[in-house]
K.L.:
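First, the structure itself, so that you have it in front of you.
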Amino acid sequence: MKLETTYENNNYPIIVEHDAIEYLDSFTKDYDKVFFIIDANVYHQFSEKIDTLTKKHHAQKIIIPAGEQTKTFAQYNQTMESLLSHQLTRQTCIIALGGGATGDFAGFIAATLLRGVGFIQVPTTILAHDSSVGGKVGINSKHGKNLIGAFYRPKAVIYDLNFLETLPYNEVLSGYAEVYKHALLNGKEATQNIEAHFSSDKQLKSLDQLDYYLFKGIETKLHIVVEDEKEKGMRKFLNLGHTFGHAVEYEHKIPHGHAVMIGILYQFIVANQMLHTEYDIQHFINYLQCLNYPLEIIPKLNFEDTYQFMLLDKKNNSEGIQMVLLQDWGSPIVLHVDKTRHLKAFNQLQSYFTYLINMNNTEV
Ligand code: NAD
Ligand code: ZN
């Protein structure tokens with residue numbers, strides 16, 4: 001399956017297939033030097049395949065620390081200096097081979113190396129169906145996530161689904177949150193359809209027909225980012241579940257998607273309270289429980305701490321905390337939500353999980 005962006009210029013293809021990596025040749029042939037920047041876990045899982053690939057492309061391998069720990073200044077400095085020791089020209093291509101963290105990091109390298117060289121995304125996680133499209137790249141600061149970065153389009157996104165086979169279920173759950181978010185943005189039918197298809201953890205683990213849902217997710221994201229690349233308007237809708245989710249993620253260091261799912265749940269509660277929608281909260285909780293999302297964290301959250309983290313969100317403006325709410329199926333809006341309303345929604349969220357607190361007390 002293939003999609004193509006529809007910007008005025010500098011468009012790029014997104015190929016979503018098993019064995020999509022075979023298409024890489026056609027995108028690297030114009031470069032003098034090619035470097036693969038590879039997540040250490042991914043290299044460990046696929047070393048033979050990757051060695052064959054780099055040989056075939058006469059490319060160099062740069063293995064970076066697995067996951068989020070790579071998105072630092074220290075790693076940026078080390079990788080940059082190592083790249084620059086090769087007497088590079090602008091005819092250099094950087095290929096990111098890994099999850100969202102690798103894509104963000106390698107993309108930021110590509111954007112800033114000699115003020116911009118070629119960049120290709122080869123995502124290896126479910127979550128990266130989201131992060132590899134749209135051109136946001138960057139690293140973290142001690143002041144927060146993704147605070148140092150750029151908008152930089154890749155030349156191609158080559159999503160070879162064979163890489164997903166080694167993903168631990170925890171990472172499947174993390175990535176599925178963004179796939180589910182894209183279905184929510186598409187409306188009620190899309191949401192019911194995905195829930196019916198992935199109706200248990202066994203079914204989700206099987207990754208059966210995941211390619212269809214990844215494709216739909218990418219299509220949804222693409223539609224939004226092509227309209228609003230620099231996040232002046234509708235790109236904000238992609239933050240559904242992220243205001244509360246990011247706060248939980250920072251506070252408790254849990255995987256991004258697990259936190260986003262909790263943020264999505266919270267958003268339904270705020271929407272019911274503020275917009276008088278009638279989302280069935282218990283239905284969503286049951287769904288998340290049957291997929292095995294670790295919701296035990298919810299009764300452990302502290303309102304003041306979570307609220308302080310929400311205040312740090314870079315999407316806020318001078319009027320306070322901005323949240324995306326589904327005012328109706330598939331129709332998001334961005335609203336300011338004040339502290340009193342947050343507290344009310346927070347208390348309601350925790351009230352669904354008091355039995356967990358009681359259970360913990362009995363255990364003691
Ligand atoms: P990740 O890159 O940290 O990968 C998660 C874990 O899975 C890591 O431990 C990694 O080593 C491992 N892994 C990767 N591929 C694997 C495979 N095929 N088999 C086994 N293990 C594998 O995280 P992620 O969830 O892919 O992405 C999260 C990152 O994406 C965050 O840094 C987030 O800020 C970023 N993000 C960016 C955007 C964007 O628009 N740029 C959007 C959403 C998220
Ligand atoms: Zn996200």
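Atoms within each ligand, like the ligands themselves, are counted from 1 in listed order. The chain is numbered in sequence order, starting from 1.
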K.L.:
For ligand 1, which atoms, with element, lie under 4.0 Å from some heavy atom of Asn146?
P.N.:
34 (O)

K.L.:
Could you tell me if any non-hydrogen atom of Val42 lies under 4.0 Å from any atom of ligand 1?
P.N.:
yes

K.L.:
Quick check: Ala101 and ligand 1, any N/O pair under 3.5 Å apart?
P.N.:
yes

K.L.:
Classify the contact between Thr124 and ligand 1 as side chain, backbone, both or neither, using a heavy-atom distance cut-off of under 4.0 Å.
P.N.:
both

K.L.:
Describe, in one word, how the ring planes of His246 and His242 are oriented to each other, choosing from parallel (under 30°), tilted (30 to 60°) and perpendicular (over 60°).
P.N.:
perpendicular

K.L.:
Should you measure from each heavy atom of Lys71, which atoms of ligand 1 turn up under 4.0 Å away?
P.N.:
31 (C), 32 (O), 33 (C), 34 (O)

K.L.:
Just to be sure I read this right, does ligand 1 sit under 4.0 Å from the backbone of Glu171, its side chain, both, or neither, counting only heavy atoms?
P.N.:
side chain

K.L.:
Working to the nearest 0.5 angstrom, can you tell me the gap between Leu97 CG and Ile37 CD1?
P.N.:
10.5 Å

K.L.:
Tell me, please: is Glu249 in heavy-atom contact with ligand 1, that is, under 4.0 Å?
P.N.:
no

K.L.:
Go through the steps to decide whether Asn41 and Gln45 satisfy the test side-chain hydrogen bond (donor to acceptor under 3.5 Å, both in side chains), and finish with yes or no.
P.N.:
CA-CA 6 Å; Asn41 280 342; Gln45 296 283 359; over 6 Å; no

K.L.:
For Gly100, is at least one N or O under 3.5 Å away from an N or O on ligand 1?
P.N.:
yes

K.L.:
Is any side-chain heavy atom of Glu231 less than 4.5 Å from a side-chain heavy atom of Leu238?
P.N.:
no

K.L.:
Could you check atom 17 (C) of ligand 1 against the protein and tell me its nearest heavy-atom contact, residue, atom and distance included?
P.N.:
Thr166 OG1, 3.5 Å

K.L.:
For atom 22 (C) of ligand 1, grab the closest protein heavy atom and report residue, atom and distance to one decimal in Å.
P.N.:
Leu167 CD2, 3.8 Å

K.L.:
Record the part of Asp104 in heavy-atom contact with ligand 1 below 4.0 Å; permitted values are side chain, backbone, both and neither.
P.N.:
side chain

K.L.:
So which of the N, O or S atoms of Glu178 lies nearest the Zn ion (ligand 2)?
P.N.:
OE2

K.L.:
Less than 4.0 Å between a side-chain N and a carboxylate O, is that true for Asp228 and Lys236?
P.N.:
no

K.L.:
Report yes if the distance between the aromatic ring centroids of His86 and Phe35 is under 6.0 Å, otherwise no.
P.N.:
yes

K.L.:
Select one of side chain, backbone, both or neither to describe which atoms of Gln121 lie under 4.0 Å from any atom of ligand 1, heavy atoms only.
P.N.:
neither

K.L.:
What are the atoms of ligand 1, with element, lying closer than 4.0 Å to any heavy atom of Lys221?
P.N.:
40 (O)

K.L.:
For atom 41 (N) of ligand 1, what is the closest protein heavy atom, and at what distance to 0.1 Å?
P.N.:
Lys136 O, 2.8 Å

K.L.:
Run the ring pair (Phe, Tyr, Trp, His ring centres under 6.0 Å) test on Tyr293 and Tyr180 for me, step by step, so that the C-alpha distance in whole Å, both residues' side-chain angles and the decisive distance to 0.1 Å come before the verdict.
P.N.:
CA-CA 13 Å; Tyr293 274 92; Tyr180 186 72; 8.6 Å; no

K.L.:
Evaluate side-chain hydrogen bond (donor to acceptor under 3.5 Å, both in side chains) for Tyr213 paired with Asn193, printing each intermediate quantity in order.
P.N.:
CA-CA 10 Å; Tyr213 295 97; Asn193 180 310; 2.7 Å; yes

K.L.:
Taking the side chain as C-beta and beyond, is there a heavy-atom pair between Tyr212 and His197 under 4.5 Å?
P.N.:
no

K.L.:
Check each atom of ligand 1 against the heavy atoms of Glu68 and keep those under 4.0 Å away; list them by number with element.
P.N.:
3 (O), 31 (C), 32 (O)

K.L.:
Which residue holds the protein heavy atom closest to atom 38 (C) of ligand 1, what is that atom called, and what is the gap in Å?
P.N.:
Ser131 CB, 3.3 Å

K.L.:
Please determine if Asp39 has a nitrogen or oxygen closer than 3.5 Å to a nitrogen or oxygen of ligand 1.
P.N.:
yes

K.L.:
Less than 4.5 Å apart, any side-chain heavy atom of Phe303 and any of Lys339?
P.N.:
yes

K.L.:
Could you tell me, atom by atom, which parts of ligand 1 come under 4.0 Å of a heavy atom of Gly99?
P.N.:
2 (O), 26 (O)

K.L.:
Has ligand 1 got any nitrogen or oxygen that is less than 3.5 angstrom from a nitrogen or oxygen of His256?
P.N.:
no

K.L.:
Where does Glu165 meet ligand 1, judged by heavy-atom distances below 4.0 Å: at the side chain, the backbone, both, or neither?
P.N.:
neither

K.L.:
Do any nitrogen or oxygen atoms of Thr125 lie less than 3.5 angstrom from nitrogen or oxygen atoms of ligand 1?
P.N.:
yes

K.L.:
State whether Phe108 and Lys71 meet the cation-pi test: NZ (Lys) or CZ (Arg) under 6.0 Å from the six-membered ring centroid, and within 45° of the perpendicular axis.
P.N.:
no

K.L.:
Over 60° means perpendicular and under 30° means parallel, so classify the ring planes of Phe268 and Tyr279, tilted if in between.
P.N.:
tilted

K.L.:
Counting only heavy atoms, which portion of Leu127 has something under 4.0 Å from ligand 1: side chain, backbone, both, or neither?
P.N.:
side chain

K.L.:
Just to confirm my output: which protein heavy-atom neighbour is closest to atom 33 (C) of ligand 1, and how far is it?
P.N.:
Lys145 NZ, 3.6 Å

K.L.:
To the nearest 0.1 Å, how far is atom 3 (O) of ligand 1 from its closest protein heavy atom, and which atom is that?
P.N.:
Gly67 CA, 3.1 Å

K.L.:
Is Asp51 salt-bridged to Lys61, cutoff N-O under 4.0 Å?
P.N.:
yes

K.L.:
Between Glu178 and Lys221, is the closest basic N to carboxylate O distance under 4.0 Å?
P.N.:
no

K.L.:
So if I count the atoms of ligand 1 from 1 in the order they appear, which ones are less than 4.0 Å from some heavy atom of Ala66?
P.N.:
11 (O)

K.L.:
If we only count N/O pairs under 3.5 Å, is Val133 in contact with ligand 1?
P.N.:
no

K.L.:
Under the side-chain hydrogen bond (donor to acceptor under 3.5 Å, both in side chains) rule, what do Asp30 and Gln91 come out as? Steps first, then yes or no, please.
P.N.:
CA-CA 8 Å; Asp30 300 332; Gln91 287 309 103; over 6 Å; no

K.L.:
When you group the ILVMFWY residues by side-chain heavy-atom contacts below 4.5 Å and let the links chain together, are Leu240 and Met323 in the same group?
P.N.:
yes

K.L.:
Name the closest protein heavy atom to atom 9 (O) of ligand 1, giving the residue it belongs to and the distance to 0.1 Å.
P.N.:
Asn41 ND2, 3.4 Å

K.L.:
What distance separates Gln322 CD from Asn239 CG, expressed to the nearest 0.5 Å?
P.N.:
9.5 Å

K.L.:
Need the ligand 1 atom indices (1-based, order shown) with element for anything under 4.0 Å from a heavy-atom of Phe163.
P.N.:
17 (C), 18 (N)

